[in-house]
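All remarks here apply to the structure that follows.
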Amino acid sequence: MRTNKQNLVVLIFIACVFGIGLWNALNGMIAFGASLIGASIASGVLRYLKEKRIAKLKAKGLDPHDERVAHINGLASILTINIILFLMAIIVLVGSVIGPEVMFNPYDLLGFCLAITVIIYLSTFYYYSKRF
Amino acid sequence: MKNKLKELRESFNLTQEELAGRVGVSRQTIISLEKGRYTPSLILAFKLAHVFDLKVEDIFFMK
């Protein structure tokens, strides 16, 4: 379970995302704004439910973030880094030799990389949680 | 590494959740330990030994 200070930082971050979404929605970028608002509300609700569940387990003396989870987290992180590095190396190698030159919005590219990293991390975490 | 955790827990009439609560881990960790899929840290091994009033080597052993 996070400390009150960490919870406050996350809450401020979610509020900022909500604010940016609202600002965009009011300035004509309705789809982008609505997606940010939806994401901030969904993450806020999910966080609330998760913290509630963790508090319930803690009250029973159980620790959902115990050493096994830390162990799995470490393994999943290392495997994620290795997969990302391998994929980047292959893409750079193949792309620089035979690939066409392409123009990307850097923010879209970073968002895509972020999404890929999160998906790989979640997959590896799931894999190791089944194994251990 | 093998262990006698399941036999000991059952002989003490403890559920997995109760044992997990006593040593401060999740129920999934106890399940993994009992199945021999996860090797505990030294601290957790000592905590488990303390619950059953045994030595660590009486619960965990190499095979």
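To find a chain, count down the sequence lines: A is the first, B the second, and so on, and within it residues start at 1. All of these numbers come straight from a predicted model, not from anything done at the bench.
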Assigning hydrophobic clusters by single linkage (Ile, Leu, Val, Met, Phe, Trp, Tyr; side-chain heavy-atom cutoff under 4.5 Å), is [X] placed with [Y]?
X	Y	value
I14(A)	L36(A)	no
I116(A)	I83(A)	yes
M1(B)	V23(B)	yes
F52(B)	L33(B)	yes

*Side chains of V25(B) and R68(A): closer than 4.5 Å at any heavy-atom pair?*
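No, too far: nothing below the 4.5 Å cut-off.
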*Looking only at heavy atoms, which two atoms of F132(A) and R37(B) are closest? And how far apart?*
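Looking at all heavy atoms of both residues, the shortest contact is CD2-O, 3.2 Å.
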_Heavy-atom closest pair, residues P64(A) and S26(B)_ =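 Closest approach of P64(A) to S26(B), heavy atoms only: CA-CB, 4.2 Å.
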*For atom CZ of F46(B), is the number of surrounding heavy atoms from other residues, nucleotides or ligands below 6.0 Å larger than 12?*
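For F46(B), atom CZ is not crowded (no more than 12 foreign heavy atoms under 6.0 Å).
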_As an exercise: rank P40(B), G24(B), A20(B), G36(B) by heavy-atom pairs under 4.5 Å with chain A and give me the winner._
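Looking at each option in turn, the highest pair count goes to G24(B).
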_So, taking the atom named OG1 in T29(B) and the one named NE2 in H71(A), what distance separates them when rounded to the nearest 0.5 Å?_
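Going from OG1 on T29(B) over to NE2 on H71(A), the span is 11.0 Å.
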_Interatomic spacing from CD in E18(B) to CG in L62(A) - rounded to 0.5 Å_ =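 Reported value, rounded in 0.5 Å steps: 10.5 Å.
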